Structure formats: C-alpha cells, structure tokens
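The structure appears right after this line, and notes come after that.
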There are 2 protein chains.
Amino acid sequence: MQLSNTSKYTIRILAYMVNHKDKPLISAKELSENLNIPYKFLTKIMTELVSVGFIESIRGREGGYKFLKKASEITVSDILTLFNDSIKDEACILGIDFCDAKHKCALHDKWIKSKVQLQKMFRESTIESIAGEGSKI
Amino acid sequence: MQLSNTSKYTIRILAYMVNHKDKPLISAKELSENLNIPYKFLTKIMTELVSVGFIESIRGREGGYKFLKKASEITVSDILTLFNDSIKDEACILGIDFCDAKHKCALHDKWIKSKVQLQKMFRESTIESIAGEGSKI
DNA sequence: TTTAATTACTACTCTAAGGTAGAATTAACT
DNA sequence: AGTTAATTCTACCTTAGAGTAGTAATTAAA
C-alpha cells in the first residue's frame with residue numbers, strides 16, 4: 001500500500017522545479033544529483049512528462065526542462081493517474097467485481113470513507129501548493 | 001496504490017471462514033471454488049497462515065482448515081503486516097529518509113491525516129467484524 | 001490394505017516495475 | 001568547424017509478485 005517509485009520521483013521532481021523557478025531551465029543532471037534519483041531512470045520519466053505536456057524540453061548544450069503547464073494546474077492526482085497509480089473509483093479494495101453500494105464487499109463502507117478523503121487530498125494537492133514552505137524534497 | 005493480491009485474497013478467505021464457522025473444517029478446494037482464487041496460489045497462502053498461527057490445518061482425507069486464533073482477534077492490519085503490505089509509520093509517502101515533523105516532505109502534513117485514518121480503519125477491522133452482514137466475499 | 005481426498009513442499013514460469021547501457025541527436029560555445 | 005553538454009531513442013538486465021506444476025506426505029473411508 002504505497003505509491004510507485006515513478007510517482008514518488010515525479011512529485012519530487014516537479015516540486016523541485018517549482019522551488020527553482022528562478023532558473024529558466026533545469027537539467028536532468030541537476031535533478032538527478034539534487035534529488036538522488038538514478039540519472040537514466042530520471043531521464044526516462046522526464047521524456048514521459050514532456051510527452052504528456054506537463055513540461056517542455058530544450059535539447060542541446062545549455063538545454064534542460066521547464067514547465068509547460070502551470071504548476072498550480074498539475075495535481076498529485078494527475079501524476080498518479082499518469083502512472084496508473086491512482087485509486088480508481090470503481091475498484092474494490094478486495095478486488096471484487098461489481099462491488100457497489102448495493103452489493104458491498106466486506107470492507108466497502110469503511111474503505112469508502114478513507115478512499116474519498118485520500119482522493120480529495122490528492123486532487124487538492126497541486127504541485128504549486130505542496131512545494132516550498134521549507135519542505136524537504 | 002492498492003493492496004497486494006495476497007492480502008486481498010487472505011481477507012476474503014478468512015471472512016469466508018467466519019461466515020461458515022458452523023462447519024468444523026473448510027477445505028482448500030471449497031475456498032478456491034467459492035472465492036474464485038487459483039487453487040495452487042491459495043494453498044500457498046494457507047500454508048503461510050498456518051505457519052503464523054492464524055489457522056490450523058488437518059491433513060489427509062476429510063481434512064481442511066479452521067481458525068486457531070479467534071477471528072475477533074485477527075485484524076486487517078495484522079494481515080497487511082504479515083504480507084509486508086501495511087502502511088509503515090515511519091515510511092514517507094515520497095520515499096524520503098528521515099521525513100518527520102521537523103523535516104517534512106512536501107506531502108507530509110496532508111498525508112499524515114489520511115494515513116492515521118487508514119491505519120485506524122485497518123486496525124479496527126477485525127475479521128469477525130467485517131464478515132457477515134450480507135456482504136459479498 | 002488399498003484408494004481417494006486432502007495438505008505440504010520444491011521448483012519452476014510469467015509479467016511488470018525498476019533500473020542500466022550505449023549510441024543518436026541537438027545546439028551552444030570556443 | 002569542432003567540441004562539449006545536453007536530451008532522446010532503443011534495447012537490455014534485474015527483481016519481486018503472481019501464478020503453475022508435479023510430487024510427497026498424511027489420513028479417513030471403502
């Protein structure tokens with residue numbers, strides 16, 4: 001019961017970029033070293049973030065990445081969805097098909113409460129809002 | 001962000017056993033067929049549950065499984081812990097080392113609230129309490 | 001005493017996530 | 001023009017979870 005490494009890395013990468021938005025571009029090298037994420041794995045993630053339009057890349061010497069979409073418009077929920085890591089609304093916590101209000105699994109009611117709160121939290125956490133504030137990345 | 005299949009299966013297995021506690025023993029075959037869990041995978045799980053003392057097995061013809069520990073004393077949290085699937089108290093949601101109240105990760109405060117509620121829910125959900133009530137298993 | 005039904009053990013296979021390697025491409029700097 | 005620092009592409013390796021296969025061990029019933 002935890003996030004995938006890819007999601008964790010992505011949240012930290014984007015938060016780092018917000019915290020350094022004074023720089024016009026941030027390189028993969030800088031991200032990898034400062035966030036302690038394997039370089040090759042990081043670049044793979046960055047390419048994906050570019051392809052979905054969250055960030056933009058400038059190739060070649062002095063190149064790097066910058067936001068294409070506003071950090072205030074990218075939520076943690078968006079990131080989890082991108083990497084198929086989100087809590088799907090229809091998915092039963094016990095893996096039962098067609099678990100709903102009429103035909104509940106054993107944990108249904110208790111889980112719903114926690115699930116709703118979690119989803120809300122992920123949706124309301126924009127990258128802009130969670131960065132800064134002297135938090136560790 | 002979901003439970004492992006092993007945890008899901010185990011919760012359903014034990015809930016089924018509570019719902020059929022009139023029978024002195026329940027076989028792997030019955031569990032596998034009624035819960036739609038692959039037979040060989042199920043027996044592997046059962047052996048593990050026996051080894052940690054949750055249930056007891058009777059081998060040979062007419063054999064099967066029964067509770068050793070009371071269903072009211074086995075919680076969902078116990079099951080998640082057994083299969084290394086629980087939300088560890090010290091583990092940071094972003095995977096940062098030494099993330100705590102003094103040195104918080106970007107999601108720390110928001111995550112803590114959800115985490116505490118989830119953990120409480122898992123701890124308070126005994127197998128006895130979630131079984132029955134006409135719920136699907 | 002044999003047979004059938006049962007759990008337990010050992011050893012695989014398959015898949016996806018996580019991670020690595022090397023070369024190709026791009027563009028600024030000298 | 002050549003060098004260098006950067007992203008991108010293609011392909012691979014490793015590991016853990018999920019699931020399968022075959023057989024041994026056990027025990028009640030026939």
Side-chain angles (χ1 to χ4, degrees), chain A residues 1-13 17 23-68 79-86 94-95, chain B residues 1-13 17 23-68 79-86 94-95:
Chain A
M1 190 105 208
Q2 57 170 345
L3 301 183
S4 67
N5 278 5
T6 306
S7 295
K8 292 177 187 174
Y9 288 159
T10 300
I11 295 167
R12 292 173 56 219
I13 289 165
M17 287 176 68
K23 298 185 187 175
L25 289 173
I26 301 181
S27 71
K29 185 162 180 281
E30 173 176 353
L31 291 169
S32 167
E33 288 175 353
N34 284 286
L35 297 173
N36 208 31
I37 299 172
Y39 179 80
K40 285 290 196 175
F41 194 42
L42 180 133
T43 58
K44 189 186 277 186
I45 292 173
M46 299 312 282
T47 302
E48 175 69 10
L49 297 181
V50 168
S51 82
V52 297
F54 283 3
I55 61 179
E56 183 180 357
S57 68
I58 309 295
R59 293 174 70 158
R61 186 164 178 166
E62 309 285 289
Y65 304 97
K66 65 177 174 185
F67 280 102
L68 184 56
I79 294 167
L80 303 189
T81 300
L82 176 59
F83 297 113
N84 201 30
D85 209 8
S86 64
L94 297 186
Chain B
M1 191 102 208
Q2 58 170 345
L3 301 183
S4 67
N5 276 7
T6 307
S7 294
K8 293 178 186 173
Y9 287 160
T10 300
I11 294 167
R12 293 173 55 219
I13 289 165
M17 287 177 69
K23 298 184 186 175
L25 287 175
I26 302 181
S27 72
K29 184 161 180 283
E30 172 176 354
L31 291 168
S32 167
E33 288 173 354
N34 286 285
L35 297 174
N36 207 30
I37 299 172
Y39 178 80
K40 285 290 195 175
F41 194 43
L42 180 134
T43 57
K44 190 187 277 189
I45 292 173
M46 298 312 281
T47 301
E48 176 69 11
L49 296 180
V50 168
S51 81
V52 297
F54 284 2
I55 61 179
E56 182 181 358
S57 69
I58 309 296
R59 295 174 70 158
R61 188 165 177 162
E62 308 286 290
Y65 303 97
K66 65 178 173 183
F67 279 101
L68 185 55
I79 294 166
L80 303 189
T81 299
L82 176 59
F83 297 113
N84 201 31
D85 210 8
S86 64
L94 297 186

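Every heavy atom of this structure was used, including side-chain atoms; hydrogens, water molecules and symmetry mates were not. Since the model is a prediction, treat every value here as computed from it, not as a measurement. Throughout, a chain's letter reflects where its sequence line sits, starting with A, and its residues are numbered from 1.
The C1' atoms of five pairs define one axis at each end of the helix from C:dT1-D:dA30 to C:dT30-D:dA1, and these two axes lie 20° apart (to 10°).
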May I have the list of side-chain donor-acceptor pairs in residues 57-65 of chain B shorter than 3.5 Å, sequence neighbours left out?
none

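For B:K40, whose side chain is taken as the heavy atoms from C-beta onward, the closest listed nucleotide among C:dT7, C:dG22, D:dG22 is D:dG22.
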List, with names and distances, any nitrogen or oxygen atoms from the protein found under 3.5 Å away from nitrogen or oxygen atoms belonging to nucleotides 15-18 of chain C.
{"from": "C:dG18", "atom 1": "OP1", "to": "A:N5", "atom 2": "N", "distance (Å)": "2.8"}
{"from": "C:dG18", "atom 1": "OP2", "to": "A:T6", "atom 2": "OG1", "distance (Å)": "2.9"}

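Listed by chain and residue number, nothing satisfies the side-chain hydrogen bond (donor to acceptor under 3.5 Å, both in side chains) test with B:N36 (two or more places apart in sequence, or in another chain). Applying the salt bridge (Lys or Arg N to Asp or Glu O under 4.0 Å) test to B:E56 and every residue at least two apart in sequence or in another chain returns nothing. Under the salt bridge (Lys or Arg N to Asp or Glu O under 4.0 Å) criterion, B:E30 pairs with B:K23, sequence neighbours left out. Evaluation of the side chain to side chain contact (heavy atoms under 4.5 Å, CB included) rule for B:T47 yields no partner, not counting sequence neighbours. Not counting sequence neighbours, the partners of B:E33 by the salt bridge (Lys or Arg N to Asp or Glu O under 4.0 Å) test are B:K29. B:T6 pairs by the side chain to side chain contact (heavy atoms under 4.5 Å, CB included) definition with B:S4, B:T10, B:F41, B:I45, B:F83, not counting sequence neighbours.
Residue B:Y39 places none of its side-chain N or O atoms closer than 4.0 Å to OP1 or OP2 of C:dA8.
Going from atom CD1 of A:I55 over to atom CG of A:L68 covers 9.0 Å, rounded to the nearest 0.5 Å. To the nearest 0.5 Å, the span separating CD1 on A:I13 from CD1 on A:I37 amounts to 4.0 Å.
Within residues 56-64 of chain A, the residues approaching DNA chain C are A:R59, A:G60, A:R61, A:E62, by heavy-atom distance under 4.0 Å.
The salt bridge (Lys or Arg N to Asp or Glu O under 4.0 Å) analysis of residues 34-55 of chain B, with sequence neighbours excluded, yields no pairs.
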